[in-house]
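Report on one structure; see the data block that follows.
Keep in mind that this is a model prediction, so the values were computed, not measured. When a ligand or atom number is given, it counts from 1 through the structure's own listing order.
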Amino acid sequence: MTGVIITGALSGLFFGLAAFPAGAAGDLPGPDLVLTNSASRDHIDLTGAWTYSIDPYRDGLKSFHGNGPGLGHRRYETTDVEAVTRENPTARYEYDMRREKIVTLPGSWINHAPELRHYDGLMWYAREFDAAPEGDERAFLRFGAANYTAHVWFNGEFVGRHDGGFTPFAFEVTDLLEDGENLLVVGVDAQRTDQTVPPPVTDWETYGGLTRPIRLVYTSETFIDEARTWLGRDGRIMAELALDGPGAAGQAVSVTIESLGLTLDGRTDRNGMWQGSIAAPDTLSLWSPDNPTLYDVTFAAGDDTLPERIGFRTIEVRGTDILLNGEPIYLRGISMHEEELGSDPGRIMTEPAIRALLSEIKDGLNGNFVRLAHYPHSELTTRLADEMGLLVWSEIPVYWLIDWNNDDTLAEARMMLAENMMRDMNRASIIIWSVANETPVGDARNSFLRKLIADVRQRDDTRLVSAALLTESTTDNGTMRSWIDDPLADDLDILAVNTYNGWYGGPDLDGVDDIVWEARHEKPMIFSEFGAGALAGFADEEARRKFSESFQADYYRATLAMSENIPFLKGMSPWILKDFRSPRRQHPVYQQGWNRKGLISETGQRKQAFHVLSDFYREMQTAGTTQD
Ligand code: GCB
């Protein structure tokens with residue numbers, strides 16, 4: 001696509017701008033290809049058997065003197081090593097991808113072999129497959145995510161590199177695709193540095209590898225790269241399309257919602273873009289957690305059609321209220337990592353695995369909200385949140401200690417934000433884009449995060465922006481007072497704080513509900529985190545020691561009591577639904593490599609505190625204090 005700046009009153013609304021290269025559209029970066037809803041396109045599913053080969057010294061990328069890799073190490077070549085060495089006995093190869101061990105992808109290498117548990121280096125994956133391309137079809141390799149850096153070769157040619165472990169990316173391979181056998185080789189490097197997003201130190205497992213679906217996607221020569229429809233706050237249904245290909249300009253396009261009897265149509269401009277709107281009909285059923293109506297929508301342009309399922313709703317703030325479809329709502333939530341239930345997770349997020357977690361939130365906890373921490377979760381997760389009726393906080397891993405002064409780090413964060421947003425623009429469930437978690441206030445950090453906030457607003461002014469902030473507090477005459485002392489609060493729509501009084505400091509549990517929270521901004525606040533660790537089954541009713549279920553339940557009682565005294569608190573996503581793997585948690589009895597703040601254990605056993613929160617949310621729901 002070529003870049004252009006659209007001017008005029010509506011320009012800020014239109015996500016199509018984001019498709020243009022950095023600098024072209026108000027300095028808003030974004031990927032060249034979005035391939036929206038690629039799963040519904042004609043494709044070859046590359047899920048399944050792959051071979052893998054470990055490469056801790058990265059010999060496959062560089063020789064030991066820093067030049068290109070030697071012949072014997074180029075795992076990405078199409079050479080049939082066994083055949084060549086049979087023919088030429090003096091040939092020397094120190095790899096043979098065809099005869100390597102076989103694993104099933106997607107999924108982290110953590111589960112391939114016990115010695116890979118803490119491996120954070122380079123791993124090679126290879127997969128052969130047959131293709132039968134037709135006529136003027138185009139072909140793209142599309143990866144749901146590769147954690148952290150991916151180097152991709154197709155039929156022996158380098159096709160591209162992608163950085164960032166949680167967002168999708170695609171490369172066009174139309175000219176390389178063979179009729180018959182093809183070879184895809186990917187080097188995935190899980191190493192993070194002080195300059196990456198996230199940095200090396202986090203509080204979760206890295207899960208290196210190809211963790212989400214991989215597809216060879218076919219499209220027509222000119223295809224719909226981006227497509228979006230949503231309900232504007234003015235009551236109009238808005239729609240946008242951006243085409244890619246030689247016939248992108250002046251193309252007839254349409255958006256049809258058959259069950260509403262609606263069709264919007266028109267022609268793309270010279271840049272292959274089109275926008276339109278129409279008054280929403282009275283029959284429109286608004287999406288909400290208790291009515292998660294999704295409409296079948298068909299986007300069409302020339303030879304291309306793209307189906308979607310989309311909900312329509314509005315979200316905004318007024319004073320200290322959050323309004324869903326114009327009505328105040330309290331976010332009854334929980335946080336969640338991307339890790340399936342089980343004693344040995346590998347970030348294999350199948351539909352049943354995701355449903356199991358989300359239904360614990362919706363039906364078990366009586367929740368209506370989930371914080372998908374601390375990075376973009378799979379596309380399947382946000383699609384299921386749409387379907388099951390859960391509001392979503394979507395986040396990028398600008399976490400703890402980021403290199404705020406580094407332009408490349410900022411560029412990486414902005415691209416990640418763009419990729420995350422562009423993937424999920426049609427998800428009614430997503431109401432909040434979050435740009436950071438627990439980052440210390442400072443000039444460099446403030447301007448870094450302001451850049452991200454500006455990007456969100458320029459790309460999508462229909463949702464809310466937040467970040468999990470740190471708080472200040474003092475104690476006078478035994479009373480603790482807490483408040484947000486962060487200049488970023490002025491830039492955000494919802495103020496979010498992580499608070500751990502009674503676990504990481506603060507008063508004893510008895511004093512927690514006396515904490516006074518001061519409002520220094522006329523904005524809604526949510527607790528984006530609070531929590532305490534507990535080993536499932538360790539009751540300790542007498543002493544109520546830390547790590548007992550009883551302590552965790554008391555901690556929840558105390559914190560929930562505190563929450564009821566805060567009039568501007570409009571929701572919470574306590575930390576966390578399920579115990580999750582974290583290499584920094586090594587108490588030999590209580591943790592064993594797991595952060596134990598889950599309300600359910602890693603295998604799904606509900607702890608006492610689960611019921612405390614579930615009852616609290618149920619009462620809130622039945623008291624009808626907020627819509628559902
Ligand atoms: C936090 C972090 C979260 C940690 C949690 C904890 O504030 O945001 O990533 O896992 O505390 O358990 O300490």
For ligand 1, give me the residues whose heavy-atom distance to it is below 4.0 Å, by chain and number please. Asp203, His374, Tyr399, Asn437, Glu438, Asn498, Tyr500, Tyr504, Glu529, Trp575, Phe580, Arg585, Asn595, Lys597

Any side-chain to backbone donor/acceptor pair from Thr211 onto Gly107? Under 3.5 Å, distance only. no

Pi-cation contact, Trp594 with Arg585 (under 6.0 Å, within 45°):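 No - Arg585 does not lie over the ring of Trp594 by the 6.0 Å and 45° rule.
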
Determine whether the aromatic ring centres of residues Phe538 and Tyr590 are separated by less than 6.0 angstrom.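 Aromatic pair counts; centres sit under 6.0 Å.
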
What about the rings of Tyr52 and Trp109, do their centers lie closer together than 6.0 Å?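 That pair fails the under 6.0 Å test.
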
Would you call Arg544-Asp554 a salt bridge at under 4.0 Å N-O?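 Salt bridge present between Arg544 and Asp554.
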
Sorted by first residue and then second, give each ring pair (Phe, Tyr, Trp, His ring centres under 6.0 Å) pair with at least one member in residues 351-398; sequence neighbours left out. Phe166-Tyr375, Trp204-His374, Trp204-Tyr375, His337-His374, His337-Tyr375, His374-Tyr399, His374-Trp575, Tyr375-His377

